[in-house]
Amino acid sequence: MTSSEARPLRIGILCNGPALAAWQAECIRYIEALPFARINLLVVNAQPPSPRPTAWRRLRNKLTSGLLLWRIYERFVVDRKAAATGLVQLPESLQKVPTIEVAPVGVGRFRQAFDTAALEAIREHKPDVLLRFGFGILTGEILSLPRYGLWSFHHGDPEQFRGAPPGFWEIHQGDPVTGVILQRLTETLDGGVVLHAGWFKTNAASYPKSLDRILFGAAHFVARALVDLGRDPDSLLRRQPIAKSGPIYRYPRSGAVLKFLAKSTTAWLADQYMSLFRHQQWTVGIIPKSPESICAASEGSSAEADSVAWLPEPKGRFLADPFAVVDSETGRTEIIAEDFSWKTNLGQISTLSWPATRGGEP
């Protein structure tokens with residue numbers, strides 16, 4: 001918080017009911033850990049669900065739309081193996097928070113808006129931020145009602161992948177990373193103001209694991225943006241909306257699912273081969289120079305790399321993530337590193353002396 005702000009930031013959550021996805025609940029836990037933010041409002045979607053078609057009609061719709069294969073995969077693989085999308089009850093801390101039920105008004109074919117009564121009810125709580133975990137594509141005054149806007153996640157780099165399902169098309173297209181942004185929504189679809197962004201390694205061998213990685217991995221983004229907001233709110237408000245938008249992807253038809261399954265299976269087999277016949281081997285190298293002299297070396301020069309003194313590689317183990325500690329009494333440099341054993345599949349912290357002794361064994 002800035003010195004001029006004595007009260008905590010007031011956060012409102014837009015959701016579809018008394019349950020949240022596990023990744024959304026994790027996001028709330030990060031928010032509640034902040035001493036300068038408080039969730040003081042729940043806005044619950046009160047729109048009645050559409051009548052459920054008969055089983056025959058649902059099957060016919062999936063067959064004619066080409067989505068049957070995807071829905072089978074989604075139900076029997078994604079829903080069972082992805083932890084982040086599983087539903088959990090609202091945290092106990094939020095069960096006594098004031099709640100407003102809102103039935104959104106349809107605007108055009110895809111958008112929704114809040115009526116005057118709903119807007120006034122929300123305005124009485126003076127939210128600094130509204131966080132969208134429910135409802136559809138929102139438009140109108142609700143976007144500007146909170147002091148710092150309506151925030152929403154986009155799981156995908158909007159300059160490359162828009163639409164649904166999140167994280168699927170990155171595997172289909174062979175993209176090694178999957179982007180996630182937290183944005184302040186504007187009237188332009190996928191053209192909000194980026195508040196925080198990150199990229200996560202795509203797990204081509206397992207869509208559920210890749211989905212968990214981006215959903216849980218980005219759960220701290222709101223808390224991070226709130227910290228930035230407390231430090232310099234003007235800077236956050238001056239940011240420009242996304243100028244470049246990528247193509248819109250939709251739920252995959254059978255051909256796209258088959259291509260995705262082929263790529264995913266190939267990546268899984270490659271992982272199995274690597275785990276059975278090959279493994280990573282890291283080691284530790286020492287450059288006996290100051291960081292300043294290394295940074296000052298000419299760009300592209302191999303002189304510094306050639307001066308690395310590599311420690312011997314321990315058999316059946318690898319060393320990684322080292323840092324140096326100088327013994328104040330002896331002046332001797334000790335190298336502390338992660339020491340991982342392939343046999344036990346466990347790691348420990350080991351100490352090596354420099355210059356290395358006993359053949360470099362820690």
Exercise for the section: Might you confirm whether atom CZ of R224 has over 12 heavy atoms from other residues, nucleotides or ligands at distances under 6.0 Å? Expected result: no

Exercise for the section: State, yes or no, whether a side-chain contact exists between P127 and R147 at a heavy-atom distance under 4.5 Å. Expected result: no

Exercise for the section: Would you please indicate if the ring centroids of F133 and W23 are separated by under 6.0 Å? Expected result: yes

Exercise for the section: Please assess E141 against R123 for the test salt bridge (Lys or Arg N to Asp or Glu O under 4.0 Å), listing each intermediate value before the final yes or no. Expected result: CA-CA 11 Å; E141 190 177 347; R123 187 176 285 111; 2.2 Å; yes

Practice task
With side-chain contact (heavy atoms from CB on, under 4.5 Å) as the test, would you mind laying out the steps for T266 and W268 before giving the verdict?
Solution key: CA-CA 5 Å; T266 301; W268 183 83; over 6 Å; no

Which side-chain N or O atoms in residues 95-107 pair as donor and acceptor under 3.5 Å with protein atoms at least two apart or in another chain?
from	atom 1	to	atom 2	distance (Å)
Q95	NE2	L90	O	3.2
T99	OG1	V97	O	3.2

Fill in the blank from the handout: Taken in chain and number order and not counting sequence neighbours, the residues that satisfy side chain to side chain donor-acceptor pair (under 3.5 Å) with E32 are S93

Practice task
May I have the step-by-step check of side chain to side chain donor-acceptor pair (under 3.5 Å) for S152 and Q183, ending in yes or no?
Solution key: CA-CA 6 Å; S152 179; Q183 61 179 326; 5.2 Å; no

Handout entry: Test item: D128 side-chain N/O and R10 main-chain N/O as donor-acceptor pair under 3.5 Å
Key = yes

Handout entry: Heavy-atom closest pair, residues A205 and S264
Key = O-OG, 3.4 Å

Problem - Test item: D190 side-chain N/O and P158 main-chain N/O as donor-acceptor pair under 3.5 Å - result: no

Exercise for the section: Kindly give the heavy-atom pair with the smallest separation between H172 and K259, and that separation in Å. Expected result: NE2-CD, 3.4 Å

Practice task
State, yes or no, whether a side-chain contact exists between F200 and V177 at a heavy-atom distance under 4.5 Å.
Solution key: no

Practice task
Check V44 against F135 and note the closest heavy-atom contact, atom names and distance.
Solution key: C-CZ, 3.7 Å

Handout entry: pair Y249-Q173: side-chain heavy atoms closer than 4.5 Å
Key = yes

Handout entry: Heavy-atom donor-acceptor pair, K244 side chain to E159 backbone, under 3.5 Å
Key = no

Completion exercise
Output for pair (L145 CG, K126 NZ), nearest 0.5 Å, gives 12.5 Å

Problem - Distance-only donor-acceptor check, side chains D339 and S350, under 3.5 Å - result: yes

Exercise for the section: Compare all side-chain heavy atoms of W151 with those of L195 and state whether any distance is below 4.5 angstrom. Expected result: yes

Handout entry: hydrophobic_cluster_shared for L229 and V193, side chain cutoff 4.5 Å
Key = no

Exercise for the section: Considering non-hydrogen atoms only, spot the tightest contact between E187 and G140 and give its length. Expected result: OE2-N, 3.0 Å

Practice task
May I ask you to test the Q24-L131 pair for a side-chain heavy-atom distance under 4.5 Å?
Solution key: no

Problem - Polar side-chain atom of R253 near backbone of S65 as donor-acceptor pair, under 3.5 Å - result: yes

Completion exercise
Rounded to the nearest 0.5 Å, the CG atom of L42 sits from the CG atom of L20 at a distance of 8.5 Å

Practice task
Using atom types as modelled and distance alone, determine if a side-chain donor or acceptor of R162 lies under 3.5 Å from a backbone N or O of P247.
Solution key: no

Completion exercise
All heavy atoms of P166 vs all of L211, minimum pair found to be O-CD1, 3.5 Å

Exercise for the section: Would you check if L150 and R132 make a side-chain contact, meaning some heavy-atom pair closer than 4.5 Å? Expected result: yes

Handout entry: Axial cation check for Y251 ring with R71, 6.0 Å and 45° limits
Key = yes

Practice task
Determine whether F221 and Y30 fall in the same hydrophobic cluster, where Ile, Leu, Val, Met, Phe, Trp and Tyr are linked whenever their side-chain heavy atoms lie under 4.5 Å apart.
Solution key: no

Handout entry: Euclidean distance, R184 CZ relative to L237 CG, rounded to 0.5 Å
Key = 6.0 Å

Exercise for the section: Identify whether L182 and L143 are in the same connected component of the hydrophobic contact network (ILVMFWY, side-chain heavy atoms under 4.5 Å). Expected result: no

Problem - Nearest non-hydrogen partners of F153 and C27, listed with the distance - result: CE1-SG, 4.2 Å

Exercise for the section: Please answer: with hydrophobic residues joined when any side-chain heavy atoms are less than 4.5 Å apart, are I181 and L138 in the same cluster? Expected result: no

Handout entry: Distance-only donor-acceptor check, side chains T202 and S210, under 3.5 Å
Key = no

Exercise for the section: Please name the residue in the list F260, F168, F76 that meets the ring pair (Phe, Tyr, Trp, His ring centres under 6.0 Å) test with W70. Expected result: F168

Handout entry: Under 3.5 Å: donor-acceptor pair, side chain of W169, backbone of R250
Key = yes

Handout entry: V194 backbone acceptor or donor facing R239 side chain under 3.5 Å
Key = yes

Exercise for the section: Take Q112 and T139 through the side-chain contact (heavy atoms from CB on, under 4.5 Å) test and state the conclusion after the steps. Expected result: CA-CA 6 Å; Q112 297 177 336; T139 186; over 6 Å; no

Fill in the blank from the handout: dist H154:NE2 -> L189:CG (nearest 0.5 Å) comes out at 9.0 Å

Problem - Euclidean distance, N40 CG relative to L9 CG, rounded to 0.5 Å - result: 10.5 Å

Practice task
Please confirm whether the backbone N or O of A84 pairs with a side-chain atom of D212, one donor and one acceptor, at under 3.5 Å?
Solution key: yes

Handout entry: Cluster overlap I13 with I142, hydrophobic side-chain contacts below 4.5 Å
Key = no

Handout entry: Residue pair V227 / F36, side-chain heavy-atom distance below 4.5 Å
Key = yes

Practice task
List the steps, then state whether side-chain contact (heavy atoms from CB on, under 4.5 Å) holds for V325 with I335.
Solution key: CA-CA 6 Å; V325 177; I335 306 299; over 6 Å; no

Handout entry: R317 bridged to E338 by N-O distance under 4.0 Å
Key = no

Exercise for the section: Answer whether the closest heavy-atom distance between the side chains of E170 and F161 falls below 4.5 Å. Expected result: yes

Exercise for the section: Would you please test Y148 and L236 for side-chain contact (heavy atoms from CB on, under 4.5 Å) and show each step? Expected result: CA-CA 9 Å; Y148 298 113; L236 215 62; over 6 Å; no

Exercise for the section: May I ask you to decide if A19's main-chain N or O and Q89's side chain share a donor-acceptor pair within less than 3.5 Å? Expected result: no

Problem - Atom pair CD1/CG of I11 and L41 - distance to nearest 0.5 Å - result: 11.0 Å

